[in-house]
Each structure stands twice: as structure tokens, then as C-alpha cells.
Amino acid sequence: MYAYYNSTTQQAQFFASNNFALSAELFRTLGGFNTSFPLAAGEDREFCDRWLYHGYQMVYAPEVQIYHAHKLSLRSFWRQHFNYGRGAFCFHQARSQRNVEQIKVELSFYFNLLTYPLSERSPQSALLSFLLLLSQIANISGFFWKYSQNHNSMTSQTTV
């Protein structure tokens, strides 16, 4: 994902919040993470997008590595990626409030994401591809679950 979003180190576009550093002053100037997100999922994507929107530069330093991993069961893996989908919905909502153009779904990105492990030809390639596919199904499920929850909430408010 970092190779995709940060192919040019001086024009990076996304960092996960467990893997970026910036001054506390600038973080506060931009309002920090968007607290309207119901959980920790997608708020880092929204912050990076807002950072770039305000004209700040992001620089990718691939030589800096941080180890951050969760021990996940299949159930907690699903829940984590489902929540990422919920966060993605919140991200798109927050972005639309700034009247920024919609992000287009790039099918080639998802195709490459799912087939990348197979190009590595390791014993775990098939398992990793399966887990990436499962993560994307969970992500889409979370996105549409949040969408329907939001839509139902808005519908009930207008009919009252």
C-alpha cells in the first residue's frame, strides 16, 4: 500500500497513524484526528488527506521501519477490516464536507493488491492472497453497513 500511495518519496499521500511523525503544533493547527470517527479506523487517512489539502508536504522515508502488528484470530481479523470499511465511509463523508472531488475506485489497485502475493511465489502466497481478499470483503461490508446505518438514521430524522 505504501508503494502505491507513496511512489514518489517527496509527494507521499498516505501514512498509517502508527507510522508517521510530525510536529505537535501542526497536528493541533489542523485540528488533530477527526473525532467524529466512531472508532480508530480511517482517521489517519482523513488526516493525511486534510494535511495535503492545506498544502503541507508528506515525505516517505522507506528506510525507516516500525514494527506494529496485532495478533489476530480470523474473527478479530474480520472485525478489524470491517471497522476499516466503516472508517472508509467516515473518510468519504468528511472529505465531501470539504467539497473535494470524489475518489475514484481504481480496480487495478485492488487487482494488484490481491495478486501481489502470488508474484512473490512463497509457500504462504495463496494464504496471503486469500486473507487480502477476505480483508477487502470485510472492508466493503463495513463500508456498506455504515452507509446503511447512516442512511437509515437520516431517513428516520426526515420522517419525524
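Since this is a predicted model, take the numbers as computed values, not measurements.
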Assess the residue pair Phe91 and Asp49 against the criterion (side chain to side chain contact (heavy atoms under 4.5 Å, CB included)); give the C-alpha distance rounded to whole Å, side-chain angles, the decisive distance to 0.1 Å, and a yes or no. CA-CA 9 Å; Phe91 164 71; Asp49 189 66; 3.7 Å; yes
Just checking Arg98: does its CZ atom have more than 12 heavy atoms from other residues, nucleotides or ligands closer to it than 6.0 angstrom? yes
Heavy atoms of other groups near Tyr53 OH, more than 12 under 6.0 Å: no
Going by an N to O cut-off under 4.0 Å, is there a salt bridge joining Arg50 and Glu43? no
Classify the ring geometry between Phe47 and Phe33 as parallel (under 30°), tilted (30 to 60°) or perpendicular (over 60°). perpendicular
Minimum-distance pair of heavy atoms, taken over all atoms of Leu132 and Leu113: CD1-O, 3.2 Å
State, yes or no, whether a side-chain contact exists between Thr29 and His54 at a heavy-atom distance under 4.5 Å. no
OH-CZ distance between Tyr116 and Phe111, expressed to the nearest 0.5 angstrom: 15.0 Å
Would you mind reporting whether Lys146 and Cys90 have side-chain heavy atoms less than 4.5 Å apart? yes
Should Phe20 and Leu26 be counted in the same cluster of Ile, Leu, Val, Met, Phe, Trp and Tyr side chains packed under 4.5 Å apart? yes
For His92 and Phe143, what are the C-alpha separation, side-chain angles and deciding distance, and is it a side chain to side chain contact (heavy atoms under 4.5 Å, CB included)? CA-CA 10 Å; His92 287 281; Phe143 184 94; 3.8 Å; yes
Working to the nearest 0.5 angstrom, can you tell me the gap between Asn83 CG and Leu39 CG? 4.5 Å
Look at the rings of Tyr147 and Phe89 and say which category their plane angle falls in: under 30° parallel, 30 to 60° tilted, over 60° perpendicular. perpendicular
Are the side chains of Arg86 and Pro38 in contact, using a 4.5 Å heavy-atom criterion? yes
Check whether Phe82 and Leu74 end up in the same hydrophobic cluster, where Ile, Leu, Val, Met, Phe, Trp and Tyr are linked by side-chain heavy atoms less than 4.5 Å apart. yes
Would you indicate whether Gln57, at its atom CD, is surrounded by more than 12 heavy atoms from other residues, nucleotides or ligands within a distance under 6.0 Å? yes
For the side chain of Thr8 and the backbone of Gln11, is there at least one donor-acceptor N/O pair under 3.5 Å apart? no
Given the rule in the side chain to side chain contact (heavy atoms under 4.5 Å, CB included) test, do Ser129 and Leu118 qualify, once you have shown the distances and angles that lead to the verdict? CA-CA 7 Å; Ser129 282; Leu118 300 175; 3.5 Å; yes
Here the gap from Leu134 atom CG to Asn139 atom CG, rounded to the nearest 0.5 Å, amounts to 11.0 Å
Answer yes or no on whether Arg45 is positioned over the face of Phe14, meaning its NZ or CZ is under 6.0 Å from the six-membered ring centre and within 45° of the axis. no
Heavy atoms, side chains only, cut-off 4.5 Å: are Gln13 and Cys48 in contact? no
Validation row: Gln80, Ser135 side chains within 4.5 angstrom (heavy atoms): no
Would you mind reporting whether Phe77 and Leu131 have side-chain heavy atoms less than 4.5 Å apart? yes
Checking the side chain of Ser76 only, and the main-chain atoms of Leu72 only, is there a donor and an acceptor separated by less than 3.5 Å? no
For Tyr110, all residues meeting ring-ring contact (aromatic ring centres under 6.0 Å, His included), sequence neighbours excluded: none
Identify the two heavy atoms, one from Gln93 and one from Ser96, that lie closest to each other, and give their separation to 0.1 Å. O-OG, 2.7 Å
Grouping I, L, V, M, F, W and Y whenever their side-chain heavy atoms are under 4.5 Å apart, do Ile66 and Leu22 come out in a common cluster? no
Nearest atoms (heavy-atom pairs only) where Ala94 meets Phe37: CB-CE1, 4.4 Å
Taking the side chain as everything from C-beta on, heavy atoms only, tell me whether Leu52 gets closer than 4.5 Å to Tyr56. no
Tell me, do Asp44 and Phe15 make a side-chain contact under 4.5 Å, heavy atoms counted? no
Set out, in order, the CA-CA distance, both residues' side-chain angles and the distance that settles side chain to side chain contact (heavy atoms under 4.5 Å, CB included) for Ser141 and Trp78, then state yes or no. CA-CA 10 Å; Ser141 300; Trp78 174 271; 4.0 Å; yes
